[in-house]
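One structure is given here, and the rest of the page talks about it.
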Number of protein chains: 2
Amino acid sequence: MRRPKKERQRLLGLLLEENPFLTDEALSEHFTVSVQTIRLDRLECRIPELRERLKTVASRTMNGEVKSLHLDEIIGDIVDLELDAKALSIFDVTEDHVFQRNGIARGHHLFAQANSLAVAVMDDDLALTVKSTIHFVRPVKAGDRVVARAEVEKESLTANRTLVNVVSTVHDETVFTGEFYMYRTTDGKLGESL
Amino acid sequence: MRRPKKERQRLLGLLLEENPFLTDEALSEHFTVSVQTIRLDRLECRIPELRERLKTVASRTMNGEVKSLHLDEIIGDIVDLELDAKALSIFDVTEDHVFQRNGIARGHHLFAQANSLAVAVMDDDLALTVKSTIHFVRPVKAGDRVVARAEVEKESLTANRTLVNVVSTVHDETVFTGEFYMYRTTDGKLGESL
DNA sequence: TTGGAATTAGTACTTGGTATTAAACCTAGT
DNA sequence: ACTAGGTTTAATACCAAGTACTAATTCCAA
C-alpha cells in the first residue's frame, strides 16, 4: 500500500523510534519505495542513519539513561494511519502490564495506547490532549491483543480543537472507549520550524 | 608504554566493556600498536567489531533488558496515604516523558500517576478504574515535579462504586485534574484472599 | 644466529551509509 | 494541451570501519 509522502514520513519516524535497527534497505521494502526515497525522507525529517541511531541508543544504555525509556514509548504498534481521519494500533498485553493480584491490565496502559494513537492521528506534530473521558468497559488480561481504533470527528475539525474517538477491542469485544479533545498547536505550516 | 601481548589483550577486554564505542583506530593509538595488531587481538579474544558491539548494547536497551522495573511500577512515589480517604504522590518529569518537539509531557504519564494513585487510595487490593474524566489544564515540562493529590468522595463510598478526585499541581498551580470512578471487587474485608 | 612468535603492511571486498547530479514520472494549473 | 513543480528513481563517486587473507618485517630468546 503506497502512502503519500507526508504520511510515510510520519510513520517512518514512529517506526524508527520503536525500532532503530532498520536499514534504509529494509525500510524501502517496508514502504515499497526506493532506497533513495527513504534517504530523502530521513534527510527531510532529520533522522540520522542506522549507525548514528545505534550509537545514541547504545550511549543511552551506557549512561544508565534507560531507566524509563519505555515510558516515552509509543504504546502499541501503529499499523494503519490516515491523517486527520483514522488510525489503528495494536498492543499486546503482557504480564508486565497487569496487576499481579488479579491479572487485569492497569488502566493507564490502555489509556496510553489510546492517547498515543489520538496524538498520532492528528495532522500536527505538536498536538496535545486537553480533555478526555474514558470508559474501561471490560477488564483486559495478559495475552490479550488490544486493537485500538481512532476516528477523528470531522465536524469537530476546527482551527485549534479536534475530537478524536477511540474504541479498543479484544476479539471484537469492546474493552475501552475514550473521547479525546485535542489541541493543535500549529496554525498552518509552521511544522518545520524548531 | 608498550605492554606485552597478554596484558594488552586483557586491558583491551576491560576497556571495551566499559566503553564499547572505541574504534580499532582509537584503540591502536591507546596501546600504541598498529591497527592490525588490535584486530588480531580482537580476533583472538572473540571481541566483535564496533558496529556489532553497539548493536548488542542498543538491543539490550530496546529489549528492555535494562528497564524491567518500571512497567508495572506505580508511577510516581506515593508519599502519603490514608486508605479510603486521601493520598499524595510525587512524580518527577524527565526528558524521557516529554515530546522532543516541544518538551511537553505526554498526557498518559500524568494520567498514569493519577490513576495509580486512585487505585492505591482504595482500600481494596483489586480495585479497578471503570470510568474517568480528565483535564490537562496546563502543559508540564521536563524538570517539573508533579504533586498529585487524591481524595475519596465520602458520600460515594457505596458497596461497589467509589469516586476519587485527583488534582495534580506543579508549584501549587493545577496542571491536571481527574475524576476516577472506581470499582471495588471485594465487598468487605476479603482483600487478603488471593 | 636463527626460528617461531608477534607485529606490521598491503590488498581486495563488504555494509551502510553521504553527497551530488541527472533523469523520469506524475499531476495540477492556466 | 502543455508546462512547471514536486516527487521519485537512478547512477556515480566517495567514506568509515570493518573482514579476510597474504606477505613482509621485527624481535627476542635458546
Side-chain angles (χ1 to χ4, degrees), chain A residues 1-62 81-85 123-125 186 188-193, chain B residues 1-63:
Chain A
M1 181 200 317
R2 227 83 178 335
R3 297 160 188 288
K5 183 180 178 182
K6 203 176 167 185
E7 191 180 325
R8 186 188 57 231
Q9 294 191 339
R10 276 181 62 91
L11 282 160
L12 184 68
L14 295 174
L15 193 59
L16 287 180
E17 211 163 314
E18 265 183 84
N19 182 0
F21 299 86
L22 299 169
T23 63
D24 289 354
E25 173 97 43
L27 291 164
S28 82
E29 280 165 25
H30 181 267
F31 289 107
T32 44
V33 294
S34 72
V35 174
Q36 286 80 357
T37 300
I38 296 293
R39 293 188 174 155
L40 281 176
D41 286 348
R42 280 199 298 99
L43 202 71
E44 285 180 28
C45 301
R46 292 173 200 77
I47 297 170
E49 61 164 296
L50 170 74
R51 289 152 191 169
E52 290 307 311
R53 293 196 300 269
L54 294 191
K55 212 182 286 179
T56 58
V57 172
S59 77
R60 205 153 46 200
T61 316
M62 297 309 287
L81 187 138
E82 273 179 54
L83 287 175
D84 277 342
D123 186 11
D124 190 321
D125 286 325
T186 57
K189 305 258 79 180
L190 305 177
E192 302 312 326
S193 58
Chain B
M1 183 203 313
R2 225 85 179 334
R3 296 159 188 290
K5 185 180 178 182
K6 205 177 162 187
E7 191 181 328
R8 185 187 59 229
Q9 294 192 340
R10 203 177 54 82
L11 283 160
L12 184 68
L14 295 174
L15 193 58
L16 287 180
E17 209 161 314
E18 255 184 276
N19 182 1
F21 300 86
L22 299 169
T23 63
D24 289 354
E25 172 94 45
L27 291 164
S28 81
E29 281 166 25
H30 180 267
F31 290 107
T32 43
V33 292
S34 73
V35 174
Q36 284 79 357
T37 300
I38 295 294
R39 290 187 176 157
L40 280 176
D41 285 348
R42 280 200 298 100
L43 202 72
E44 286 181 27
C45 302
R46 290 172 202 77
I47 296 170
E49 62 164 295
L50 170 74
R51 290 151 190 169
E52 289 307 313
R53 293 196 300 269
L54 294 191
K55 210 182 286 179
T56 58
V57 172
S59 77
R60 202 154 46 204
T61 317
M62 297 310 288
N63 298 347

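Chain naming here is simple, since letters A, B, ... match the order of the sequence lines and numbering starts at 1 in each. Quantities reported herein were computed from a predicted structural model and do not represent experimental measurements.
- Put simply, Arg8(B) has no side-chain N or O that comes within less than 4.0 Å of OP1 or OP2 on dA6(C).
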(message) Assess the residue pair Ser59(A) and Thr56(A) against the criterion (side-chain hydrogen bond (donor to acceptor under 3.5 Å, both in side chains)); give the C-alpha distance rounded to whole Å, side-chain angles, the decisive distance to 0.1 Å, and a yes or no.
(response) CA-CA 5 Å; Ser59(A) 77; Thr56(A) 58; 5.8 Å; no
With the criterion being N/O to N/O and under 3.5 Å, what pairs connect the protein with nucleotides 17-23 of chain C, and how long is each?
unit_1  : atom_1 : unit_2   : atom_2 : d
dG17(C) : OP1    : Leu50(A) : N      : 2.8
dG17(C) : OP2    : Asp24(A) : N      : 2.9
dG17(C) : O5'    : Asp24(A) : OD2    : 3.4
dT18(C) : OP1    : Arg42(A) : NH1    : 3.2
dT18(C) : OP1    : Arg42(A) : NH2    : 3.4
dT18(C) : OP2    : Arg42(A) : NH2    : 2.9

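- Glu44(A) places its CD atom 7 Å from the P atom of dT7(D), with the value rounded to the nearest Å.
- Rounded to an integer number of Å, the gap from NZ of Lys5(A) to P of dT7(D) is 4 Å.
- For Arg42(B) against Pro48(B), the heavy-atom pair with the smallest separation is NH1-C, 3.5 Å.
- Ion pair Lys55(B)/Glu52(B) flagged as a salt bridge, since at least one NZ, NE, NH1 or NH2 atom sits closer than 4.0 Å to an Asp/Glu carboxylate oxygen.
- Regarding Ile38(B), its CD1 atom lies at a distance of 14 Å from the C1' atom of dA17(D), rounded to whole Å.
- To the nearest angstrom, P of dG18(D) lies 11 Å from NZ of Lys55(A).
- You'll find the side chain of Thr37(A) stays beyond 4.5 Å of the side chain of Phe31(A), heavy atoms only.
- Scanning both residues, Phe21(A) and Leu50(A), for their nearest heavy atoms gives O-CD1, 3.4 Å.
- Thr37(B) has no side-chain polar atom (N or O) that falls below the 4.0 Å cut-off from OP1 or OP2 of dT7(C).
- Of the listed residues (Asp41(B), Ile38(B), Leu14(B), Ile47(B)), just one forms a side-chain contact (heavy atoms from CB on, under 4.5 Å) with Gln9(B), and that residue is Asp41(B).
- Residue Lys6(B) contributes atom NZ, which lies 11 Å from atom P of dA6(C) at whole-angstrom precision.
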